[in-house]
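This chain uses plain numbering: 1 for the first residue, then up along the sequence. For the numbers below, each heavy atom of this structure counts, side chains included, while hydrogens, waters and symmetry mates do not.
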Amino acid sequence: MEERKPYSPTILHSIAAVRRWRLTKTLEGKTVGFIPTMGALHQGHFHLVKQSLAANDATIVSIFVNPSQFAPTEDLDQYPRTTKLDIEQLAALEGQHEGLCTKVDAVFLPQVEEMYPLGIELDVQKQSGAFVSVLGLSEMLEGRTRPNFFRGVATVVTKLFILVNPTRAYFGQKDYQQSLVVKQLVKDLLFDIEIVVCDIWRDSDGLALSSRNKYLDCATLEKLKQINKMLQKGKEMYEEGETNTQVLLQAMKGDLEKYVLEGSMLIDYVSINDKETLEELETITDKGAVFSCAIYVKNEDGRETRLIDNVLV
Ligand code: AMP
């Protein structure tokens, strides 16, 4: 009996190849779902991919560690790159989705030189050329610590959207502010793309999966359970009737105090904000809120990693 060759998605390395792939789908009248990622894929990413497989005729995933969203002091060089394994895992999703015979059609691996024809400096002062900013939303929360982060995200997402022109694009609530920035970008730049925001994929201890978790040793990962517990505590207090955000924040931060005092965690922010404008709230109304945090955690070897998480109430 002839052995069935394992499935592999089409790998697209160039802009020209992506444009050709997209044209074929257009001519075939197919809907296209798109999942932009930075690779080092995990179940959180596959959760997005599976939603695309279920809703579109064709699914394309991009893997690109986008330099323009990293500050010169950040971890661009160390960011985990596992492209071969990523592709194998995407291929293995074939046919797995709720009995549907579906598969990831294509994986786009953009090259920095093509995405940034003028080259890309990490220092914004030295940059030249065209960039995209979503003013307002980008300056809140994450924007305070990472002032040019969303400019980098908005720029690369715009380029990818122009190339892939998906019917739907999938983003994770894990990066809640990013999903709002992308929705605003699509609205303001008149893209005809539906943005689908998928809920957060967590491990059995409640830790939100993240490619940066790969930096962390077991003892540190263990302590991180506390981050989700803190957010859940805030949510539960709110559900039991507490709407004063100062009271909520104080109780939540108290949960991390032990780790802050021993020096293994540093709170960048724990915040309660409006779900659409990200305005800081004093009182939570029936509109609900987003509880979010960014925490620096220190490995036993002293290496520091910044992690984010959130819950919606
Ligand atoms: P990244 O590769 O980190 O840029 O993530 C690519 C996409 O996957 C983004 O839209 C993220 O929000 C989403 N994502 C990352 N981690 C998770 C997770 N644990 N659950 C759901 N979505 C996620």
Side-chain angles (χ1 to χ4, degrees), residues 36-38 42-45 47-48 51 69 134 136-146 149-150 153-154 157 170-184 195-213 216 221 223-239 242-256 259-260 265-297 305-313:
T37 80
M38 298 214 297
H42 51 66
Q43 289 304 324
H45 295 111
H47 173 55
L48 272 55
Q51 298 208 25
Q69 68 193 65
V134 178
L137 279 175
S138 298
E139 285 94 60
M140 323 288 278
L141 292 170
E142 285 293 289
R144 298 211 183 123
T145 308
R146 309 183 76 191
F149 172 69
F150 288 115
V153 170
V157 167
Y170 294 79
F171 291 84
Q173 186 207 309
K174 158 86 174 27
D175 299 275
Y176 183 72
Q177 188 174 1
Q178 171 173 283
S179 71
L180 292 184
V181 167
V182 170
K183 280 186 190 167
Q184 193 63 50
I195 301 301
V196 183
V197 181
C198 308
D199 51 13
I200 304 178
W201 195 267
R202 299 179 182 280
D203 71 9
S204 52
D205 293 320
L207 177 64
L209 297 196
S210 159
S211 303
R212 287 190 169 97
N213 291 355
L216 305 172
L221 281 169
K223 288 179 195 165
L224 293 188
K225 291 180 193 170
Q226 220 48 52
I227 296 181
N228 182 242
K229 274 201 188 148
M230 167 190 73
L231 293 169
Q232 288 305 329
K233 175 178 186 156
K235 184 174 182 226
E236 277 159 29
M237 283 177 70
Y238 166 71
E239 285 167 354
E242 183 58 72
T243 56
N244 181 320
T245 58
Q246 282 316 313
V247 175
L248 291 165
L249 289 171
Q250 209 173 4
M252 290 163 73
K253 285 182 192 169
D255 271 14
L256 298 186
Y259 302 102
V260 172
M265 286 190 196
L266 180 70
I267 298 177
D268 184 2
Y269 63 80
V270 180
S271 193
I272 302 179
N273 300 66
D274 182 275
K275 278 192 255 189
E276 280 159 32
T277 62
L278 294 185
E279 226 178 300
E280 255 174 55
L281 299 177
E282 281 178 19
T283 310
I284 308 177
T285 65
D286 329 336
K287 274 172 67 191
V290 54
F291 288 36
S292 64
C293 64
I295 312 283
Y296 293 96
V297 294
T305 303
R306 185 174 180 279
L307 298 173
I308 58 172
D309 198 354
N310 69 80
V311 294
L312 297 174
V313 303

Sorted by chain and number, sequence neighbours left out, salt bridge (charged side-chain N to carboxylate O under 4.0 Å, His left out) with Glu239 holds for Lys235
Distance col, row Leu266:CG vs Tyr296:OH, nearest 0.5 angstrom, shows 7.0 Å
Taken to the nearest 0.5 Å, the spacing of Lys233 NZ from Gln226 CD works out to 9.0 Å
Output for pair (Ser138 OG, Gln178 CD), nearest 0.5 Å, gives 10.5 Å
Residues at least two apart in sequence or cross-chain that pass salt bridge (charged side-chain N to carboxylate O under 4.0 Å, His left out) with Glu236, listed by chain then number, are none
Could you tell me if the side chain of Gln177 sits less than 4.5 Å from the side chain of Ile308, heavy atoms only? no
Sorted by chain and number, sequence neighbours left out, side chain to side chain donor-acceptor pair (under 3.5 Å) with Gln69 holds for Asn66
Rounding to 0.5 Å, atoms CG (Leu249) and NZ (Lys253) come to a distance of 5.5 Å
His42 meets the side chain to side chain contact (heavy atoms under 4.5 Å, CB included) criterion, sequence neighbours left out, with His45, Leu209, Ser211
Applying side chain to side chain donor-acceptor pair (under 3.5 Å) to Tyr176 and not counting sequence neighbours gives none
One should read off an interatomic distance between Ile284 CD1 and Phe291 CZ, to the nearest 0.5 angstrom, of 3.5 Å
With sequence neighbours left out, the residues meeting side chain to side chain donor-acceptor pair (under 3.5 Å) with Gln184 are Asp188
By side chain to side chain contact (heavy atoms under 4.5 Å, CB included), Ala208 pairs with (sequence neighbours left out) Lys174, Ile200, Arg202, Asp309
#### Entry: Neighbour count >12 (heavy atoms, 6.0 Å) for atom CD, Gln250
no
Contacts table for residues 268-279: side-chain donor-acceptor under 3.5 angstrom, sequence neighbours left out:
unit_1	atom_1	unit_2	atom_2	d
Asp268	OD1	Thr145	OG1	3.1
Asp268	OD2	Thr145	OG1	2.6
Asp268	OD2	Arg306	NE	3.1
Asp268	OD2	Arg306	NH2	2.9
Tyr269	OH	Glu142	OE2	2.5
Ser271	OG	Asn273	OD1	2.7
Asn273	ND2	Leu278	O	2.7
Asp274	OD1	Glu276	N	2.7
Asp274	OD1	Thr277	N	2.8
Asp274	OD1	Thr277	OG1	3.2
Asp274	OD2	Lys287	NZ	3.1
Lys275	NZ	Val313	O	2.9
Thr277	OG1	Glu279	N	3.2

Between Gly288 and Leu281, the two heavy atoms sitting closest are O-CD1, 4.1 Å
Stepwise side-chain contact (heavy atoms from CB on, under 4.5 Å) check, His47 with Gln51: CA-CA 6 Å; His47 173 55; Gln51 298 208 25; 3.3 Å; yes
Applying side chain to side chain donor-acceptor pair (under 3.5 Å) to Asp175 and not counting sequence neighbours gives none
Residue set satisfying side chain to side chain contact (heavy atoms under 4.5 Å, CB included) with Leu224, at least two apart, ordered chain then number -> Leu207, Leu216, Leu221, Ile227, Met265, Val297, Leu307
Item to check | Under-4.0 Å salt bridge between Asp255 and Lys229 | outcome: no
Sorted by chain and number, sequence neighbours left out, side chain to side chain contact (heavy atoms under 4.5 Å, CB included) with Glu242 holds for Met237, Asn244, Val247, Leu248
Is it the case that the side chain of Ser179 and the backbone of Phe171 share a donor-acceptor pair, with hydrogens and angles ignored and the cut-off at 3.5 Å?
no
What one should report as the nearest heavy-atom pair of Cys198 and Tyr170 is SG-CD2, 4.0 Å
d(Met230 CE, Met252 CE) to nearest 0.5 Å is 5.0 Å
